[in-house]
Protein chains: 2
Amino acid sequence: MREGPDIARIAALVADPARSAMLIALMDGRALTATELAGLGGITKQTASSHLAKLVEGEVLVVEAQGRHRYFRLAGPHVASLLEALMVFSSDAAPPLRTGPRDPALRKARICYDHLAGEMGVRLFERMQADHWLADDLTVTTRGREKLAEIGLDLEKLPSSNRPLCRACLDWSQRRQHLAGRLGKAILDQLLARSWARRLPASRVLSFTPEGERIFNGWLR
Amino acid sequence: MREGPDIARIAALVADPARSAMLIALMDGRALTATELAGLGGITKQTASSHLAKLVEGEVLVVEAQGRHRYFRLAGPHVASLLEALMVFSSDAAPPLRTGPRDPALRKARICYDHLAGEMGVRLFERMQADHWLADDLTVTTRGREKLAEIGLDLEKLPSSNRPLCRACLDWSQRRQHLAGRLGKAILDQLLARSWARRLPASRVLSFTPEGERIFNGWLR
DNA sequence: CGAATGGTTCGGTTAGGATCGAACCATGAG
DNA sequence: CTCATGGTTCGATCCTAACCGAACCATTCG
């Protein structure tokens with residue numbers, strides 16, 4: 001009975017239905033208040049408060065106090081990764097290999113923490129690799145810089161942090177990888193800023209405008 | 001309170017200390033019997049039996065009956081991925097950025113389900129990419145075939161299955177990626193077959209012989 | 001055929017934790 | 001200041017699930 005890392009402790013944090021509902025709600029990277037989360041979890045605010053305290057204590061969430069509100073947010077991308085890893089399970093329950101969620105819109109394009117996921121996210125990432133925007137070690141090539149500039153992205157202008165520029169993230173619905181990291185976030189931000197797409201309220205679905213989708217496809221050639 | 005996939009249910013399966021201990025013990029890809037697992041979990045066999053039934057029911061484990069023994073095994077690589085995703089947490093608890101396990105041997109080389117992980121696994125994967133053994137889409141190049149042939153691996157001879165040939169797996173201790181998939185397994189098998197390394201009993205540690213390590217390093221140039 | 005060993009089932013006990021009502025503290029609005 | 005609102009703390013209740021002892025089933029071995 002040697003004991004490895006304390007898997008069970010953090011798994012237990014996710015194991016409660018109310019808590020997991022709140023976590024899923026936070027997967028789009030937004031920060032929500034305690035009462036909003038209470039509603040989403042289907043519980044009273046007292047109970048939610050207790051749950052949220054535990055999640056913060058366990059470093060799954062972080063809080064940001066602002067006036068009389070307290071905003072809760074996922075502690076980082078690794079939390080989103082964990083949640084997606086869990087979703088991989090619940091999805092492929094029954095038949096041979098129908099993976100992911102039923103909602104076609106959610107399969108097509110959605111937000112994963114702070115970057116683009118779903119079919120379009122996977123296509124983008126694979127295109128970036130195949131067309132050598134990214135080198136093998138996931139650094140951005142000269143060609144990559146040019147292409148990114150086409151949609152107004154300048155790598156030098158990205159906020160710096162110790163978070164990696166590019167990271168691969170396993171896609172829940174696709175079972176393939178999409179782009180995360182600071183660049184992944186920047187691209188999503190740009191999609192929204194240019195109004196090529198917008199997030200549907202209270203969901204992780206990302207809805208492309210017809211024009212936005214046309215341009216996006218053209219951008220990938 | 002819209003509900004996504006049933007994250008909580010499977011998280012709950014991992015959330016019990018006894019169960020998580022058993023799961024971690026299975027992470028090296030072996031198949032163990034119920035009583036062995038009971039011992040590792042620190043519980044009686046009745047209790048273990050109940051736990052194991054739940055894990056099988058939840059499709060986290062699979063059983064294989066053989067005579068009067070029942071061998072339990074992880075249901076697939078996605079389970080190992082989930083467990084590593086959980087470990088990412090419990091490891092970086094305290095200081096700035098000391099990730100992963102304390103045991104140096106475990107950091108250096110270990111078995112993740114059925115492939116090589118740890119520093120050596122990460123180095124191998126990055127070398128394979130940098131030196132173009134693998135293309136951007138993780139298919140094996142001609143050069144890759146040549147290099148693999150050097151250690152006696154013939155891709156045509158690999159057992160076929162619908163499992164992908166190459167997949168990236170996020171490394172728990174390194175926070176970078178290493179190679180999984182059928183090829184990842186084949187390489188580990190080869191390391192063991194050639195006696196370049198052997199697995200330490202009752203642990204995930206992979207111990208390279210001095211000669212094996214020398215050859216391995218030479219193979220990566 | 002017993003006897004031994006691996007595993008499961010059943011019943012009763014116990015502990016942990018999720019829940020809510022109610023009271024309480026803090027901030028912001030009027 | 002007073003009131004409304006967001007959030008936490010406290011106490012009591014209730015339910016689930018982990019646990020083990022004991023009995024039971026199945027397989028192998030002598």
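Proteins get letters first, then strands, A, B, ... in listed order; numbering begins at 1 in each. Atom set for the values below is all heavy atoms of this structure, side chains included, hydrogens, waters and symmetry mates excluded.
In this structure, B/Glu36 places its CD atom 16 Å from P of C/dT5, rounding to the nearest Å. One can place CZ of B/Arg9 at 17 Å from P of D/dT16, the figure rounded to the nearest angstrom. One interatomic measurement links the two molecules: CG of B/Leu13 to P of D/dT16, which rounds to 17 Å at whole-angstrom precision. Between the NZ atom of A/Lys45 and the P atom of C/dA22 there is a distance of 13 Å, rounded to whole Å. Computed from coordinates, the B/Phe72 CZ to C/dT8 C1' distance equals 10 Å when rounded to whole Å. Protein atom CG of A/Leu32 is 15 Å distant from nucleotide atom C1' of D/dG6, rounded to whole Å. The distance from atom CG of B/Asp16 to atom P of C/dG17 is 11 Å, rounded to the nearest whole Å. For the pair B/Arg19 CZ and D/dA17 P, the interatomic distance rounds to 9 Å; values are reported in whole Å.
Nearest nucleotide to the A/Ser49 side chain, out of D/dT9, C/dT8, D/dC19: D/dT9. Residue A/Ile43 has its side chain nearest to C/dC20 when only D/dC19, D/dT9, C/dC20 are considered. Among the nucleotides D/dC20, C/dA18, C/dT8, the one closest to the side chain of B/Thr44 is D/dC20. The side chain of B/Arg70 lies closest to C/dT8, out of C/dT8, D/dG7, D/dC19. If you check D/dA18, C/dG6, C/dT19 against the side chain of A/His51, the one that comes closest is C/dT19.
When the side-chain nitrogen and oxygen atoms of A/Thr47 are compared with OP1 and OP2 of C/dC20, one or more of them lie within a distance under 4.0 Å. Contact annotation: B/Lys54 reaches the phosphate of D/dA18 (side-chain N/O to OP1 or OP2, under 4.0 Å). Here A/Thr35 reaches the OP1 or OP2 of D/dG7: one of its side-chain N or O atoms lies under 4.0 Å away. A close approach under 4.0 Å does not occur between any side-chain nitrogen or oxygen of B/His69 and OP1 or OP2 of D/dT27.
Within the 4.0 angstrom heavy-atom criterion, no nucleotide atom of any strand lies near B/Ser50.
Here the closest non-hydrogen pair linking A/Ile151 and A/Gln190 is O-NE2, 2.6 Å. Across every non-hydrogen atom of B/Ala15 and A/Ala8, the tightest pair is O-CB, 3.3 Å. Listed here is the closest heavy atom pair of B/Glu213 and B/Lys108: OE2-NZ, 2.9 Å.
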Kindly indicate, with the supporting measurements, whether the criterion side-chain contact (heavy atoms from CB on, under 4.5 Å) is fulfilled by A/Leu40 and A/Leu32. CA-CA 10 Å; A/Leu40 293 171; A/Leu32 300 180; 3.9 Å; yes
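Judged by closest nucleotide on DNA chain C, A/Ala12 is the one of A/Gln46 and A/Ala12 placed further toward the 5' end.
Side-chain N or O atoms of B/Arg110 include one that pairs as donor or acceptor with a backbone N or O of B/Leu106 at under 3.5 Å.
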